[in-house]
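Every number for a ligand or one of its atoms is a count from 1 in the order of the listing. We're numbering straight along the sequence, starting at 1.
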Amino acid sequence: MREDLAELQRKAEAELNSAGSEEELLAIRTKYLGRKGLLTLLFRKIGNAAPDERPLLGRLSNEIKEALSVKIENALEKLAPQGKYGALLQEKIDVTLPGRGVRHGRIHPISQVSQEICEVFLRLGFSVAKGPEVELDYYNFEALNIPKDHPARDMQDTFYVEDNIVLRTHTSPVQIRIMEKQRPPVRIVSPGKVYRHDSDVSHTPMFHQIEGLWVDKGITFSDLKGVLTYFLQQVFGEDTVLRFRPSFFPFTEPSAEIDIQCIICGGTGCRVCGQSGWLEILGAGMVDPEVFKTVGYDPEEISGFAFGLGVERIAMLKYSISDIRLFYENDRRFLEQF
Ligand code: FA5
């Protein structure tokens with residue numbers, strides 16, 4: 001029996017030495033060490049040997065089993081990372097390691113502020129309308145009373161896609177698209193991205209605006225003042241002091257820019273408000289009769305007001321942020337504060 005064991009070890013080792021693939025090694029393991037393997041069968045026969053020989057034979061077969069197992073494992077590891085066994089070895093998972101926490105995403109501060117602004121207008125009976133970011137020159141300029149070669153085009157540095165197609169420079173084209181489709185009354189806000197060739201601490205090439213439009217019979221400038229005062233006091237607080245300044249936009253007449261008293265210095269003058277005590281917050285005005293004619297409305301019959309605001313500007317003031325570019329650097333330490 002001892003010779004049988006020694007012979008089996010010799011054969012197994014010879015086969016192992018010439019095995020060159022993972023499949024061959026695994027087959028040798030099954031052939032000798034498997035449940036019906038040759039060594040297992042010999043092991044079972046030890047019971048038939050003389051009683052004084054049994055312990056020695058038992059120890060010997062265990063030693064052979066151990067030696068063959070180690071050789072097979074080593075040979076398999078050497079073949080790694082080729083083959084399935086190697087892949088399994090490399091994929092070992094340490095189940096004792098502590099788990100990794102799941103990080104929650106959050107709504108970007110600009111989206112939060114944009115939603116907050118829209119909600120104020122929804123409470124006043126406005127609904128939300130959307131328009132395309134890649135826009136026809138016609139809607140972005142011409143229908144808004146800004147003909148080709150008009151100097152007012154210089155107010156907005158435009159990215160042209162083709163001669164007649166632009167990245168919209170403001171959300172005002174949505175006014176035209178809505179009025180073309182719908183008869184008065186119209187009461188919408190339109191949030192979205194706009195693009196201008198512009199970049200510094202208070203300007204980015206892509207930013208967000210919200211356009212507002214209320215058209216009906218008998219809408220007056222005092223409606224404009226009432227709605228915008230309510231809106232700004234909802235966003236910046238009941239005590240916010242406003243100033244309506246005459247201004248110019250080709251698509252509104254009369255036009256105004258609205259300032260709030262500087263929320264940093266309370267109106268005494270500081271670096272943020274350029275020592276003026278006031279911060280410009282939005283542009284607005286009564287819709288120009290020319291714009292009504294373009295969309296087929298009768299300016300003798302109806303009137304309305306429009307306004308446009310920069311969401312980043314409002315978010316900067318609300319959270320005292322001094323550089324607009326922080327919103328778009330994707331620094332989680334900044335974004336997680338909101
Ligand atoms: C307009 O875009 C007009 N369409 C607004 C309007 C609508 C007036 C309806 C009348 C009736 P303006 O170019 O001023 O206006 O831009 C509006 C706001 O966008 C500015 O007050 C400012 O807050 C913001 N803004 C302008 N350029 C940038 C920029 N590059 N980056 C960030 N915000 C900007």
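- In the vicinity of R313, heavy-atom distances shorter than 4.0 Å reach the ligand 1 atoms 23 (O).
- Between the side chains of Q112 and R106, no donor N or O sits under 3.5 Å from an acceptor N or O.
- Near A284, with a cut-off below 4.0 Å to any heavy atom, the atoms of ligand 1 are 8 (C), 10 (C).
- Taking a cut-off of under 4.0 Å to the non-hydrogen atoms of A306, the atoms of ligand 1 that pass are 9 (C), 11 (C).
- With ligand atoms numbered from 1 in the order given, ligand 1 contributes 32 (C) to contacts under 4.0 Å with heavy atoms of I324.
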Stepwise ring pair (Phe, Tyr, Trp, His ring centres under 6.0 Å) check, F221 with F305: CA-CA 7 Å; F221 202 91; F305 68 82; 8.6 Å; no

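- No donor-acceptor distance shorter than 3.5 angstrom exists from the side chain of N74 to the backbone of K71, with no hydrogens or angles considered.
- Near G310, meaning under 4.0 Å from one of its heavy atoms, ligand 1 places the atoms 18 (C), 19 (O), 23 (O), 24 (C).
- With hydrogens left out, the protein atom closest to atom 5 (C) of ligand 1 is G308 CA, 3.8 Å, a heavy atom.
- Heavy atoms of other residues, nucleotides or ligands lying less than 6.0 angstrom from CG of D94 number more than 12.
- Distances from ligand 1 to the non-hydrogen atoms of F305 include no value under 4.0 Å.
- When atom types are taken as modelled, the side chain of R177 and the backbone of P132 share no donor-acceptor pair closer than 3.5 angstrom.
- Between F236 and F231, the distance separating the two ring centers is not shorter than 6.0 angstrom.
- The nearest heavy-atom contact from the protein to atom 25 (N) of ligand 1 is F207 CE1, 3.3 Å.
- Under the 3.5 Å distance criterion, with hydrogens and angles disregarded, no donor-acceptor pair is assigned to the side chains of E211 and S190.
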Verdict with reasoning, F251 to H170, per ring pair (Phe, Tyr, Trp, His ring centres under 6.0 Å): CA-CA 12 Å; F251 35 93; H170 52 174; 5.7 Å; yes

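- Remark: minimum distance from atom 19 (O) of ligand 1 to any protein heavy atom is reached at Q209 NE2, 3.3 Å.
- The protein non-hydrogen atom at the shortest distance from atom 30 (N) of ligand 1 is T204 O, 3.2 Å.
- Looking at D137, its side chain never comes within 3.5 Å of a backbone N or O of I165 through a donor-acceptor pair.
- The protein non-hydrogen atom at the shortest distance from atom 14 (O) of ligand 1 is F249 CE2, 4.1 Å.
- Heavy-atom proximity to S172, at under 4.0 Å, picks out these atoms of ligand 1: 4 (N), 7 (C).
- Contact atoms of ligand 1 toward F307: 7 (C), 9 (C), 11 (C) (distance under 4.0 Å to a heavy atom of the residue).
- For ligand 1 and E211, the ligand atoms under 4.0 Å from any heavy atom of the residue are 7 (C), 9 (C).
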